[in-house]
Enquirer: 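First, the structure itself, so that you have it in front of you.
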Amino acid sequence: GQQLNQSPQSMFIQEGEDVSMNCTSSSIFNTWLWYKQDPGEGPVLLIALYKAGELTSNGRLTAQFGITRKDSFLNISASIPSDVGIYFCAGHRNQGGKLIFGQGTELSVKP
Amino acid sequence: NAGVMQNPRHLVRRRGQEARLRCSPMKGHSHVYWYRQLPEEGLKFMVYLQKENIIDESGMPKERFSAEFPKEGPSILRIQQVVRGDSAAYFCASSPPDWAGTEAFFGQGTRLTVV
């Protein structure tokens, strides 16, 4: 089935560093979502983007909806140990329809 | 306001047995989605249901898998005659009828192990 291309696959960074990850697709989405998943848990929504070009922040997290509607990025500034986890992008086309997920970016933060 | 509730959290089945996974959506949510996650992979859409209706089952395997969302009670994902390859985490999400994107919440998942 279709998946988004998410990169990088994993990141090992020092506490305090900034992080950037992105997703690309060959087709257009109307909504881009970014989730975080902790081990043994379900995905938790971090940021939702609804308009091409939209830039949205949630605390230390910033995400943008690409103007082509085929990509999105997520930045985390001044990382802390609790940022550890797997981050997923997801695209959505239709109201009430399914989400298409990226493969995830596993983030490790060294204190 | 309880979130999406899934049970059991962990389920072990022998090959050939049936697995039943339950999902109770958030209060006021009438749309349910099931996703499967294999180790070190993203979530893959399986099926989208509204009360008593299957809206989109394009991600469901053609055999052994079925889903329902009855008028009363939780949504059920049923896997008959399980095989080792069915071992995965199964997540349910729910949303209200007029979902614009942010109102889809996930449960904690059921981790199925087939031995």
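Within every chain, numbering begins at 1; the chains are lettered A, B, ... in the order of the sequence lines, protein sequences first and strands thereafter.
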Enquirer: Closest heavy-atom contact between Glu41(A) and Gln108(B)?
Expert: OE1-NE2, 2.8 Å
Enquirer: Heavy-atom distance under 4.5 Å to chain A: side chain of Gln37(B), backbone, both or neither?
Expert: side chain
Enquirer: Does any heavy atom of chain B fall under 4.5 Å from the side chain of Gln9(A), the backbone, both, or neither of them?
Expert: neither
Enquirer: Consider only side-chain heavy atoms of I, L, V, M, F, W and Y, link residues closer than 4.5 Å, and tell whether Ile79(B) and Leu11(B) are in one cluster.
Expert: yes
Enquirer: Tyr87(A) and Leu4(A): same hydrophobic cluster, using ILVMFWY side-chain contacts below 4.5 Å?
Expert: yes
Enquirer: Tell me, yes or no, whether the heavy-atom count around Gln50(B) atom CD, taken from other residues, nucleotides or ligands under 6.0 Å, exceeds 12.
Expert: yes
Enquirer: Around Gln14(A), counting heavy atoms of other residues, nucleotides and ligands shown, do more than 12 lie under 6.0 Å from its CD?
Expert: yes
Enquirer: What is the minimum heavy-atom distance between Phe91(B) and Gly42(A), and which atoms define it?
Expert: CE2-CA, 3.3 Å
Enquirer: Is any side-chain heavy atom of Leu43(B) closer than 4.5 Å to one of Tyr35(A)?
Expert: no
Enquirer: Is Met5(B) reachable from Leu49(B) through a run of hydrophobic residues whose side-chain heavy atoms are each under 4.5 Å from the next?
Expert: no
Enquirer: Report, as yes or no, whether the 6.0 Å neighbourhood of atom CG on Leu55(A) holds more than 12 heavy atoms from other residues, nucleotides or ligands.
Expert: yes
Enquirer: Linking I/L/V/M/F/W/Y whenever their side-chain heavy atoms sit closer than 4.5 Å, directly or via other members, would Leu46(A) and Ile100(A) fall into one cluster?
Expert: yes
Enquirer: Considering residues, nucleotides and ligands other than Glu15(A), do more than 12 of their heavy atoms fall under 6.0 Å from its CD?
Expert: yes
Enquirer: Within a radius of less than 6.0 Å around CZ of Arg9(B), do more than 12 heavy atoms belonging to other residues, nucleotides or ligands occur?
Expert: yes
Enquirer: Side-chain heavy atoms under 4.5 angstrom apart, residues restricted to Ile, Leu, Val, Met, Phe, Trp, Tyr: same cluster for Ile54(B) and Tyr90(B)?
Expert: yes
Enquirer: At a heavy-atom distance under 4.5 Å, which candidate from Gly40(A), Ala90(A), Gly102(A) has the highest pair count against chain B?
Expert: Gly40(A)
Enquirer: In this structure, which one of Phe106(B), Phe45(B), Tyr48(B), Tyr33(B) forms a side-chain contact (heavy atoms from CB on, under 4.5 Å) with Leu99(A)?
Expert: Phe106(B)
Enquirer: Heavy-atom distance under 4.5 Å between the side chains of Glu41(B) and Phe101(A), does that happen here?
Expert: no
Enquirer: Do any of residues 103-111 of chain A have a heavy atom less than 4.5 Å from a heavy atom of chain B, and if so, which, in residue order?
Expert: Gln103(A)
